[in-house]
Amino acid sequence: MDRFLLQASTYASSIDGLILLIGVLVGFWFLLAEGLFFWLIWRFRARPGEKSQYLTGKEKHVKRWITIPHALVLLCDVFIIIGSVRVWYDVKQQLPEPDSTIRVIGQQWVWSFQHPGPDNVLDTDDDIYTANDLHVEIDKTYHYKLESRDVLHDFSVPVFRLKQDAIPGRSITGWFRPTVAGDFDIQCAEICGIGHGIMAARIHIEDANTHAQWISAASAATTP
Amino acid sequence: MADTVADVHQHESAGHDDHHHEQNFFVKYLWSTDHKIIAMQYMFTGMFMGLIGGYMAYVFRMQLAFPGISVPGFGQVSPGEYNALITNHGSIMIFWLAMPVLIAAFGNFLIPLMIGADDMVFPRINRLSFQIFFVSVLVLLASLFVQGGGFGGAWTSYPPLSAESTYNLTDLGSSLWLLAVALEFVAFLLGGINFITTLMNSRAPGMKAYDIPIVCWMIVIASILFMLSVGPLIAGAVMLLFDQVLNTGFYDPTRGGDPILWQHLFWFFGHPEVYVVLLPAIGITVDVIATFARKKIFGYKLVLYTAVATGVLSFFVWAHHQFVAGIDPRMANVFTITTLLISVPIAELLFVMIATLYGGSIRLTTPMLWALAFIAEFLIGGVTGIFLGASGADIYFHDTYFVLAHFHYTFFPIAIIGTFCGFTYWFPKMFGRMMNETLGKIHFWGTIIPFNFIFIPLFVLGMGGQHRRIYNFQHFPELAGPEMYQLREIATISLLIMLAFQAVFFYNMIHSWLKGEKAGKNPWKSNTLEWTTESPPPHGNWPPDQMPVVYRGPYEYAHPDREEDYWPQDEPA
Amino acid sequence: MAHAKPLATLRSATGIPTGRLAVWWVLASEVVIFGGLLGSYLMHRIGHPEWAAAAAHTQTWIGAVNTFVLLTSSFTAVLAHQAAERGNGKEAAKLLGLTILGALTFLVIKSFEWANEISHGYTITANTFWSFYYTAAGLHALHVIAGGIIMGFVAFDAYRGRELHRVELIGIYWHFVDVVWIFLFPLLYIAK
Ligand code: HEA
Ligand code: HEA
Ligand code: CUA
Ligand SMILES: [Cu+2]
């Protein structure tokens with residue numbers, strides 16, 4: 001996965017690891033099934049004068065060909081479930097203590113972000129509001145409060161492997177912790193009308209200095 | 001096609017019988033209650049809609065690969081039009097191609113013939129079912145041309161976007177779309193009741209439950225599944241319609257409603273629905289494989305039980321579409337477990353089909369090629385479903401092209417490969433003539449190879465984070481790179497090639513229909529009852545005094561006690 | 001076009017007459033429709049205790065009268081079935097007539113009730129409780145209307161001694177309509 005896309009959050013690598021695990025397990029079965037399949041087609045192609053065999057599939061030793069794979073697939077399922085639930089628990093179910101909290105609001109067709117400002121407390125006078133630009137500091141744990149003003153949107157940051165629907169009338173809290181500095185895409189991943197395709201934002205992950213500079217510059221611009 | 005010959009019904013109520021006078025074209029083909037004619041009506045309506053769905057795919061794929069160009073045969077695609085195109089492409093392919101062809105057309109044609117009955121139990125309800133379906137087609141097509149354009153809120157139609165015209169900007173289009181879907185559901189409920197009761201009650205004398213060909217079972221299990229899952233969505237659709245036209249607030253959070261409710265109602269139906277179309281396709285494949293491998297299928301009852309198990313499980317997996325939709329995160333774990341469990345019965349179905357090949361004498365006719373391709377390609381769709389079913393991985397994959405490629409690798413084998421498989425296999429029975437094998441094989445390879453070249457690139461794009469339903473990727477720097485455009489172009493060009501090869505199919509179909517070699521009763525040397533009557537079967541299917549009687553199961557190929565390698569079901573021991 | 005019945009309709013591999021089998025499947029599909037609607041309502045109702053205030057404006061006694069009317073009509077439907085079993089088509093038709101009368105009474109009472117509520121401003125858009133109230137009861141009323149119409153045709157045939165088995169079928173359907181109301185009544189009227 002990291003060949004396709006940078007891993008820029010703490011949980012990106014665990015999600016990719018899970019994908020790899022599934023890939024190996026089902027990949028094995030997939031190759032086995034396809035291999036057997038094509039071999040059988042070749043091996044038992046029609047040859048003149050040869051009649052096919054009469055097998056009912058009722059005898060025990062024949063049935064084993066189905067029941068043993070059956071049990072093994074079930075076993076693989078168990079591994080996948082365990083892996084999946086662990087990752088899920090990490091990303092969605094538990095919330096580590098935040099260093100900072102932001103608010104993300106989707107509306108047709110723009111993302112607005114409410115940063116906590118110099119005092120690092122959300123919903124105070126010095127909050128910084130931006131449209132389509134989210135500024136965060138590297139290696140800090142963030143909580144986001146996700147809201148929507150009209151229809152469903154979906155806050156998706158591919159480099160974080162993060163995705164969460166925004167629902168009008170609710171505020172959904174989640175978390176992330178960036179690990180790589182840079183500017184990345186934020187996409188809206190839930191169809192929200194004709195502007196769904198332009199609902200793009202950027203996330204700017206900055207080191208502590210740059211981030212502090214941005215905060216002071218931005219608050220200077222907003223507070224008269 | 002079917003002639004209106006001798007009246008099979010003389011034995012009862014001769015009083016009001018108008019079979020004997022000459023029937024005009026309208027009565028014969030458009031007002032008929034004959035199950036075979038209704039089947040053909042469904043078949044050709046579905047084929048027509050499939051072409052429209054394919055045309056839409058062509059238009060929006062051109063836009064995706066070459067954004068902003070004027071698409072030949074359509075013109076420039078605006079964002080609103082793009083949304084309407086994908087929405088209606090999805091809806092048409094599922095509700096107006098897969099459902100009518102796999103369930104209604106094959107169900108109507110095959111069930112009475114395969115169980116040795118002269119018609120459906122309620123022929124007039126059957127006709128009504130098609131008429132309602134036809135109205136739904138007209139309503140859907142009309143919805144594309146009204147003020148504001150067709151509905152563009154995706155085939156899943158999530159409110160509040162779908163509920164309020166201030167959000168979706170397609171006031172009339174969204175209501176007509178919803179109405180069309182609702183009418184289609186009613187048509188299939190009526191049809192389904194017919195299929196179920198016919199199979200339960202009208203079997204030929206001697207035909208026990210385990211003598212019924214798998215494909216009939218599958219269509220009926222699918223109908224039951226449909227019937228039991230669609231109810232809540234019908235209720236939900238009424239609520240959504242009221243939200244749209246009466247301005248109620250069922251899904252409006254500011255007025256005490258809940259937008260997520262729709263998602264639950266939709267997917268409670270939506271997931272079983274994918275198995276509703278999967279099972280008939282598997283049924284067709286199993287029958288074709290048994291015939292051309294000259295093999296008894298490996299475990300008849302196993303197929304049946306796993307199909308039922310799949311059906312039952314499918315009621316408990318729906319929220320895997322909503323992992324990141326704001327449901328309680330603890331619930332996601334439950335649905336991960338049920339979703340992964342469903343891989344077991346489906347794997348078993350596929351293993352049975354593969355195992356059936358063992359010891360066979362495989363003939364690679366065109367229908368057989370389609371059947372084998374179904375297995376090979378569906379496996380890809382199936383295993384990629386596991387990535388999505390694992391909640392942790394779905395956080396990343398949700399609503400990317402990975403999902404899209406997953407379900408095209410399931411739906412395409414079902415709705416296109418499966419129908420071509422059934423169509424080429426039963427063509428001799430339907431029209432009395434053989435199809436051309438060479439043309440059939442050209443069409444097969446010309447469809448299968450481009451198919452993989454369309455959707456493999458889309459898997460890669462999905463891994464790269466490309467999201468669905470975006471008409472132009474220029475606003476997302478990570479998605480606008482040149483390699484990504486290359487992949488999109490490969491997909492689109494492959495689609496053009498595939499569409500071009502469909503001409504071969506239509507030429508083959510029409511040419512064989514008119515001039516093909518005469519088929520005779522049983523060209524494939526198959527066992528099931530439909531091959532014991534004329535091709536095409538007359539009105540009433542068999543002469544009234546020669547209705548078939550059944551002595552054995554449908555898959556007795558290569559029985560050791562027989563000289564011939566097949567043993568028709570109706571042949572006395 | 002009057003059609004002769006195909007052989008398929010006359011067979012009965014399960015031993016259950018085809019018509020009855022079909023009616024049961026129709027009911028199965030209806031059960032899930034109403035099930036979905038009432039399930040949604042219940043989920044909302046639990047989430048919104050304040051709806052009790054809106055529900056207080058429904059008139060329980062009217063609902064109770066209507067319950068009584070429907071139950072009575074179900075009873076006459078049973079009597080019609082028994083008459084049909086005895087082969088007495090005329091008697092069955094008369095009793096079905098009474099059932100239709102019950103349906104009409106139900107609808108008349110319902111329309112007075114709704115007119116009164118709407119005139120007080122409790123329309124379908126007033127709030128989501130009222131939306132559910134009108135949708136659920138309206139869907140049920142549609143079933144009452146459809147049942148009444150079909151019953152008219154069945155009675156017409158029965159009077160001439162034709163298709164007597166249909167008296168039983170429409171009876172089964174009518175009991176179902178009744179049972180749905182038995183669920184609606186407490187949910188919409190009594191729960192306050
Ligand atoms: C007929 C079509 C069809 C079929 C058969 C399936 C089959 C499956 N689907 Fe798919 N699915 C769709 C059509 C279909 N799906 C559609 C249309 C959507 C998108 C809707 C939308 O949003 O628009 C979708 C979306 C979708 C999602 C939601 C993704 C998202 O939006 O985030 C998920 C998540 O769990 C999922 C899972 C599965 C699973 C687990 C199966 C399983 O049934 C697959 C089982 C098969 C196998 C597993 C292969 C055989 C087994 C083996 C070879 C053994 C080895 C296996 C193991 C060791 C596990 N599907
Ligand atoms: C059965 C289902 C089905 C089928 C077959 C297809 C077929 C195709 N689909 Fe589609 N698609 C969906 C179901 C289906 N699709 C759904 C549900 C969506 C989601 C919509 C949404 O987001 O809301 C979707 C969305 C979708 C998108 C995403 C758009 C977006 O999110 O922005 C794309 C993009 O490439 C796409 C492409 C294609 C292509 C290239 C084909 C090609 O394979 C098409 C080729 C067509 C033909 C070759 C026609 C041949 C048919 C016949 C000739 C009839 C034969 C009949 C008989 C023999 C009786 N589809
Ligand atoms: Cu916002 Cu899509
Ligand atoms: Cu699903």
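Below, each value reflects all heavy atoms present in this structure, side chains not excepted, and no hydrogens, waters or symmetry copies. Just so we're on the same page: letters track the sequence lines, and every chain starts at 1. Remember, predicted model here, so these are calculated numbers, not experimental data.
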key: Audit row: B:I260, A:R170, side chain to side chain contact (heavy atoms under 4.5 Å, CB included) steps and yes/no   = CA-CA 11 Å; B:I260 306 293; A:R170 294 193 198 178; 3.4 Å; yes

inquiry  = Using a strict threshold of under 4.0 Å (side-chain N to carboxylate O), is an ion pair present between B:D328 and A:K92?
reply    = no

Is [X] close to chain A through its backbone or its side chain, or both, or neither, when contacts mean heavy atoms under 4.5 Å?
| X | value |
| --- | --- |
| B:Y82 | neither |
| B:D252 | neither |
| B:L302 | side chain |
| B:A163 | neither |

Between atom [atom1] of [X] and atom [atom2] of [Y], what is the distance when rounded to the nearest 0.5 Å?
| X | Y | atom1 | atom2 | result |
| --- | --- | --- | --- | --- |
| B:L340 | A:L74 | CG | CG | 10.0 Å |
| A:F160 | B:I395 | CZ | CD1 | 14.0 Å |
| A:C76 | B:I386 | SG | CD1 | 10.0 Å |

Taking the side chain as every heavy atom from C-beta outward, state whether [X] and [Y] have any pair of such atoms under 4.5 Å apart.
| X | Y | value |
| --- | --- | --- |
| A:I191 | B:R468 | no |
| A:W88 | B:P329 | yes |
| A:Q187 | B:L479 | yes |

Pick from [options]: which one has the most heavy-atom pairs with chain A under 4.5 Å?
| options | result |
| --- | --- |
| B:G389, B:S162, B:A376, B:P259 | B:A376 |
| B:S391, B:G152, B:A84, B:G80 | B:S391 |
| B:P560, B:A355, B:P159, B:P477 | B:P477 |
| B:I337, B:L169, B:L372, B:T254 | B:L372 |
| B:R294, B:Q474, B:E81, B:E164 | B:R294 |

Out of [options], which one racks up the most heavy-atom pairs below 4.5 Å with chain B?
| options | value |
| --- | --- |
| A:L146, A:D150, A:L21 | A:D150 |
| A:P158, A:G169, A:A200 | A:A200 |
| A:I186, A:V91, A:I41 | A:I41 |

Structural part of A:D90 lying under 4.5 Å from a heavy atom of chain B = neither

request  = Using non-hydrogen atoms and a 4.5 Å limit, figure out which bit of A:I22 sits close to chain B: side chain, backbone, both or neither.
outcome  =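 Backbone plus side chain of A:I22, per the 4.5 Å heavy-atom cut-off to chain B.
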
inquiry  = Which residues in residues 345-353 of chain B have any heavy atom closer than 4.5 Å to a heavy atom of chain A?
reply    = B:E348, B:F351, B:V352

task = Answer with yes or no whether the side chains of B:N333 and A:Q93 bring together a donor and an acceptor at under 3.5 Å.
result =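 A:Q93 vs B:N333: donor-acceptor pair found between side chains.
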
message = Are there over 12 heavy-atom neighbours, none belonging to B:R562, within less than 6.0 Å of that residue's CZ?
response = yes

Is the side chain of [X] donor-acceptor paired with the backbone N or O of [Y] at a distance under 3.5 Å, no angle test?
| X | Y | result |
| --- | --- | --- |
| A:D185 | B:E478 | yes |
| A:K163 | B:V324 | no |
| B:T336 | A:I81 | no |
| A:R45 | B:L364 | no |
| A:Q108 | B:Y167 | yes |
| B:N83 | A:G193 | yes |

[X] to [Y] - nearest heavy-atom pair and separation:
| X | Y | result |
| --- | --- | --- |
| B:Y358 | A:L40 | CD1-CD2, 3.8 Å |
| B:A393 | A:I19 | CB-CG1, 3.8 Å |
| A:L152 | B:Q263 | CD1-NE2, 3.2 Å |
| B:A390 | A:S84 | C-OG, 3.4 Å |
| B:S343 | A:V73 | OG-CG1, 4.1 Å |
| A:C188 | B:I470 | O-CD1, 4.4 Å |

